[in-house]
Amino acid sequence: MKPTISIVVAIFNRKDELFELLNSLNAQTDKDFEVIIVDDGSLVDLKPTIHNFEEILNIKYFKKTNSGPGLSRNYGAKRASNDWLVFVDSDVIVEKDYIENIKNSILTIPCDAFGGADKAHKGFNLMQKAISYSMTSVFTTGGIRGSKKAVSKFQPRSFNMGVKKEIFEKVGGFSEMRIGEDPDLSMTLWENGFTTAFFDTIAVYHKRRVDFGKFSKQVYQFGCARPILNQRHPNYVKISFAFPTLFLLGYILGFIEYFILGKGFILALYGLYTFMVLLHSLIVTKNIAIAGMAVISTYIQMFSYGYGFLKSWILLNVLKMKPENAFPKHFHKV
């Protein structure tokens, strides 16, 4: 018996991105699924966009007060009719066989939850492609988030994530965290004895942030969230989580070494790293302009995440602050 699918999308404002997502869902080879749109207090009217698809998609639309993505997904999950909940971000596009591949993978790879990769679409602009490279590269934290070789411990991310509805309800769904709510759910599933898997046939095209400033702010928040997650789930702490912070501190140390000791050994290592990122991104993207911007976005990612992680770690572990007091904007009071 084939699994039944409910696509749940929490959205705030992104009207144009929503149109592109729904258009890609309308092109599916397997039409047997429902779409649940949860409008998280948008300041723009999304109804005209929804109306374009009401007669061609099995779509439900709900609007609520703003609470952040996690609790909005919970809201949508309660209104889902099918056995599996599939969460995607509003700024993704899916291939036409996305639903078909999800169902086939569920039948062949036993799991309680799953996730897939993200990549850049050929229609994305150069900066989006550069940022996409940084977020998925083996030279950044993107390359250690999970892989097919570590199927049992892959951490699904909410831009492309599926969970059995029954199990989602058993663990209470997404937590009150506004940032990092998806790895939080993955580790909660593990702690309750449930399994996650990586499906390599369901990658989505993820737009992410459209400029370096927004991208920096986003990954800074990811960095702040990680020590909070480490506190909540101490059994799943990895030394690799601190890599961007060590990268940032090493860079600062390199300048100290150069200006005080007159030596440039550490900075030379960073020069080698920069060259490797440039070369690898050029091979992957086949575009020198994207490769150049990928170097910039990679450093932004490492520095911003590293600074966020360091700040959060000090506040939580040295100053002994509670996460909700240290980062009140990262939590929503239920």
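Between F168 and F87, a ring centre-to-centre spacing shorter than 6.0 Å is recorded.
At most 12 non-hydrogen atoms from other residues, nucleotides or ligands lie less than 6.0 angstrom from NZ of K217.
Remark: Y75 engages no residue in a side-chain hydrogen bond (donor to acceptor under 3.5 Å, both in side chains) (not counting sequence neighbours). Residues that satisfy the salt bridge (Lys or Arg N to Asp or Glu O under 4.0 Å) test with D16, not counting sequence neighbours, are absent from this structure. With sequence neighbours excluded, the residues forming a side chain to side chain contact (heavy atoms under 4.5 Å, CB included) with D45 are K47, P48, listed by chain and number. Considering only residues two or more places apart in sequence or on other chains, K64 meets the salt bridge (Lys or Arg N to Asp or Glu O under 4.0 Å) condition with D40. Residues passing the side-chain hydrogen bond (donor to acceptor under 3.5 Å, both in side chains) test with N325, sequence neighbours excluded: none. Among residues two or more places apart in sequence or in another chain, the salt bridge (Lys or Arg N to Asp or Glu O under 4.0 Å) test is passed with K60 by E34.
For the salt bridge (Lys or Arg N to Asp or Glu O under 4.0 Å) condition, no pair includes a residue of residues 312-327, sequence neighbours left out. Residue pairs meeting the salt bridge (Lys or Arg N to Asp or Glu O under 4.0 Å) criterion with at least one partner in residues 179-189, sequence neighbours excluded, are R73-E181, D184-R232.
A cation-pi arrangement, defined by a distance under 6.0 Å to the six-membered ring centre and an angle within 45 degrees of its axis, is absent between R226 and F309. Seen from the ring of F62, R79 counts as a face-on cation partner, given the 6.0 Å and 45° thresholds.
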I'd like a table of donor-acceptor pairs (distance under 3.5 Å, sequence neighbours excluded) in which one partner is a side-chain atom from residues 103-112, with atom names and distances.
from: K103; atom 1: NZ; to: D30; atom 2: OD1; distance (Å): 3.3
from: K103; atom 1: NZ; to: D30; atom 2: OD2; distance (Å): 3.1
from: K103; atom 1: NZ; to: D32; atom 2: O; distance (Å): 2.9
from: N104; atom 1: ND2; to: E100; atom 2: O; distance (Å): 3.3
from: S105; atom 1: OG; to: N101; atom 2: O; distance (Å): 2.8
from: T108; atom 1: OG1; to: N104; atom 2: O; distance (Å): 3.0
from: T108; atom 1: OG1; to: S105; atom 2: O; distance (Å): 3.3
from: D112; atom 1: OD2; to: T195; atom 2: N; distance (Å): 2.9
from: D112; atom 1: OD2; to: T195; atom 2: OG1; distance (Å): 3.3

Scan the side chains in residues 260-280 for donor-acceptor partners under 3.5 Å anywhere in the protein, sequence neighbours excluded, and list what turns up.
from: Y270; atom 1: OH; to: F247; atom 2: O; distance (Å): 2.5
from: Y270; atom 1: OH; to: Y251; atom 2: N; distance (Å): 2.9
from: Y273; atom 1: OH; to: F139; atom 2: O; distance (Å): 2.6
from: T274; atom 1: OG1; to: Y270; atom 2: O; distance (Å): 2.8
from: T274; atom 1: OG1; to: Y299; atom 2: OH; distance (Å): 2.6
from: H280; atom 1: ND1; to: Y133; atom 2: OH; distance (Å): 2.8

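Summarising the hydrophobic clusters (Ile, Leu, Val, Met, Phe, Trp, Tyr; side-chain heavy atoms under 4.5 Å, direct or chained), the residues clustered with I288 are L282. Other residues sharing the hydrophobic cluster of F12, ordered by chain and number and joined by side-chain separations under 4.5 Å: L43.
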